[in-house]
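Below you'll find the structure, written out as structure tokens, and then a few comments.
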2 protein chains.
Amino acid sequence: MGSPGSGGRGPAHTLDLLWGTVRPGRRGPRGGLSVEAVVRAAMDLADAEGLAAVSMRRVAESLDVTTMSLYRYVPGKDDLCDLMLDAASGTPDTAGWPDDWRGALEHLARDMRTVFRRRPWVLEIPISGPPLGPNNLAWMEAGLAAMRNTALDTGERIRLLMLLTGHVRSEGQRDLSMERAGARTGVAPQEWGRVYGEMLGRVLADDRFPTLARHVREGMFDSPPEADPDEDFEAGLALLLDGVEALLTRRAGAGRADG
Amino acid sequence: MGSPGSGGRGPAHTLDLLWGTVRPGRRGPRGGLSVEAVVRAAMDLADAEGLAAVSMRRVAESLDVTTMSLYRYVPGKDDLCDLMLDAASGTPDTAGWPDDWRGALEHLARDMRTVFRRRPWVLEIPISGPPLGPNNLAWMEAGLAAMRNTALDTGERIRLLMLLTGHVRSEGQRDLSMERAGARTGVAPQEWGRVYGEMLGRVLADDRFPTLARHVREGMFDSPPEADPDEDFEAGLALLLDGVEALLTRRAGAGRADG
DNA sequence: CCCAAACCGTGTACGTCGTATACTCAGGTG
DNA sequence: CACCTGAGTATACGACGTACACGGTTTGGG
């Protein structure tokens, strides 16, 4: 029996929150807080102590209010996380980006990566749906603008964008997991190296992994695994964009040959 | 002051759990449970009600024991999740895979995808480090074997494997988020379409998104977004492997020209 | 001008979670 | 046999998200 039509607590209200278009209500006292203040407090907490430290209680405590008062501004923790995600994404700075699609997309990917490196907790937020917030859409806008002069159709452009963000997120999550692997036990490096060594021993002793064992014997893991995450990231990015370039030249050739 | 040398509760013990090499202890009564039984019960729960339903209490309840007795077999919930991840990954069936690297890698990627589709909760487990379990290593073995006849060096092979699993995971997580977006509200489709429509209206009314607005006006979102996840998956996979192929032909050409 | 509606912030409470701690009791080993 | 080891239990603590009912303040409509 909620008031019909008006955005009750459905996803439409979440949209209003994301876009900062909540009509403030005409009656009653002016609130001392605001959605932005709540989100900022939560982000400060996440920056300082990680996403796991972000609880409704602790956010409220950092704002000197009661836990439940947060629910006047935010429907629940899931929505708060969505708001944090969009706020933390920020807006891409396309000023220095080149005009060619490949250079621009490389900048896009690297800038997204720096966002995730500055705020690793963004990668821990479970994405709850397609991008709806203005900041996430701004990144989409930048990506689509970067491809404006390519021979890709709309579906391909979006797919490529999703593929790129997927790659950035994957690499970021891998970096994160490596850090977590260290933080799990107190003294990270030598203990972890010992575990890795024991694992390699098991691989060598087991006949289920002949190829892996051969690579191990050839020194595959002599350096710590994933020594340079940036190199992995760049290599994957290059591979991806090489694939796009191959598609474009193939298409241009076909266009010249067929029509 | 714990017994030195022997794996107390460190990550070395987790390795023993993953590989099923826990020495059972010589004194005392034989336990009615086992690590495998605990992991299987947890997996059954996750299969039936999702990862969120997997709590130590509910796993214990399904085994007709008290909560704390689980800690005799598993150090904690994080490790239990790691065990679930490796167990759910299973072993790749490489019987029908072709000999050429591209076909084999395509099979690898698709088979990984079906694993995630059968057990979507695997994607919700936060990965805590490099793959250490025998099943995950079996997938790695299969991937390395698929590339045995390529001109890629070891580092490139591993990178490509990581890139592939990253792609599979990304697409799986996207599928999952789409399902969750529906489950968040009761009646999914039309309500969600309404939200999407409103978002598009905002995009059109806002001058920050000219390119996006143009694509929208050209009918970009007339069909529901991400209509065919498999198509997205396959396109991304093809792009990736095209990139690899370009690298290989480039390298072969250079080899013919330079040496 | 005044009352009632709207709304902010609070206090309390419930059910759930992971797990630390201290215990009882059965079973194999010296 | 005595004994120690280890399985399973009972209890408890602190934290979590959030439903609910309540006072206090502001403002619009009559």
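Chain letters run A, B, ... following the sequence lines, proteins first, then strands; residues in each count from 1. All of these numbers come straight from a predicted model, not from anything done at the bench.
To the nearest angstrom, P of D:dA15 lies 19 Å from NZ of B:Lys77. In this entry the distance linking CZ of B:Arg57 with P of D:dC13 reads 14 Å, nearest Å. In this entry the distance linking OH of A:Tyr71 with C1' of D:dA21 reads 17 Å, nearest Å.
A:Asp47 is linked by a salt bridge (charged side-chain N to carboxylate O under 4.0 Å, His left out) to A:Arg119, counting only residues two or more places apart in sequence or in another chain. Looking at residues two or more places apart in sequence or on another chain, you find a side-chain contact (heavy atoms from CB on, under 4.5 Å) between B:Glu124 and B:Leu51, B:Trp121, B:Leu176, B:Arg180. Residues passing the side-chain hydrogen bond (donor to acceptor under 3.5 Å, both in side chains) test with A:Arg110 are A:Glu234, sequence neighbours excluded. In this structure, the salt bridge (charged side-chain N to carboxylate O under 4.0 Å, His left out) partners of A:Arg159, at least two apart in sequence or on a different chain, are B:Glu231, B:Asp232. Judged as a side-chain hydrogen bond (donor to acceptor under 3.5 Å, both in side chains), and not counting sequence neighbours, A:Thr165 has no contacts. Applying the side-chain hydrogen bond (donor to acceptor under 3.5 Å, both in side chains) rule to A:Arg208 yields the partners A:Asp206; only residues at least two apart in sequence or on another chain are considered.
Put simply, CD on A:Glu179 and OG on B:Ser128 are 14.0 Å apart, with the number rounded to the nearest 0.5 Å. From B:Phe116, atom CZ reaches atom CG of B:Leu123 across 5.0 Å, with rounding to the nearest 0.5 Å.
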Treating primed atoms plus P, OP1 and OP2 as sugar-phosphate and everything else as base, which nucleotides of nucleotides 5-10 of chain D get B, S or - for protein heavy atoms under 4.0 Å? BSBBBB
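Between chain B and DNA chain C, the heavy-atom contact criterion of under 4.0 Å yields a 5' to 3' nucleotide range of C:dC17 to C:dT29.
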When you look at A:Asp82 and A:Lys77, which way does the salt bridge (charged side-chain N to carboxylate O under 4.0 Å, His left out) test go after all the steps? CA-CA 9 Å; A:Asp82 288 351; A:Lys77 200 198 177 180; over 6 Å; no
With pairs defined as Watson-Crick or G-U wobble and both distances under 3.5 angstrom, please note down DNA chain D as a dot-bracket string, | for pairing with another strand. ||||||||||||||||||||||||||||||
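Within residues 39-53 of chain B, no residue approaches DNA chain D, by heavy-atom distance under 4.0 Å.
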Considering only distance and modelled atom types, tabulate donor-acceptor pairs under 3.5 Å from the side chains of residues 134-141 of chain A, sequence neighbours left out.
{"unit_1": "A:Asn135", "atom_1": "OD1", "unit_2": "A:Thr91", "atom_2": "OG1", "d": "3.3"}
{"unit_1": "A:Asn135", "atom_1": "ND2", "unit_2": "A:Asp86", "atom_2": "O", "d": "2.9"}
{"unit_1": "A:Asn136", "atom_1": "OD1", "unit_2": "A:Ser89", "atom_2": "OG", "d": "3.4"}
{"unit_1": "A:Asn136", "atom_1": "ND2", "unit_2": "A:Asp86", "atom_2": "OD1", "d": "3.2"}
{"unit_1": "A:Trp139", "atom_1": "NE1", "unit_2": "A:Ser89", "atom_2": "O", "d": "3.1"}
{"unit_1": "A:Trp139", "atom_1": "NE1", "unit_2": "A:Gly90", "atom_2": "O", "d": "3.0"}
{"unit_1": "A:Glu141", "atom_1": "OE1", "unit_2": "B:Thr211", "atom_2": "N", "d": "3.1"}
{"unit_1": "A:Glu141", "atom_1": "OE1", "unit_2": "B:Leu212", "atom_2": "N", "d": "2.8"}
{"unit_1": "A:Glu141", "atom_1": "OE2", "unit_2": "B:Thr211", "atom_2": "N", "d": "3.0"}
{"unit_1": "A:Glu141", "atom_1": "OE2", "unit_2": "B:Thr211", "atom_2": "OG1", "d": "2.7"}

Quiz: residues 197-205 of chain B side-chain donor-acceptor pairs under 3.5 angstrom, not counting sequence neighbours:
{"unit_1": "B:Glu198", "atom_1": "OE2", "unit_2": "B:Arg202", "atom_2": "NH2", "d": "3.0"}
{"unit_1": "B:Arg202", "atom_1": "NH1", "unit_2": "A:Thr21", "atom_2": "OG1", "d": "3.0"}
{"unit_1": "B:Arg202", "atom_1": "NH2", "unit_2": "A:Asp16", "atom_2": "OD1", "d": "2.6"}

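Using a 4.5 Å heavy-atom cutoff, the side chains of B:Arg113 and B:Asp175 are in contact. Taking 4.5 Å as the limit, every side-chain heavy atom of B:Val39 sits out of range of all side-chain heavy atoms of B:Leu17.
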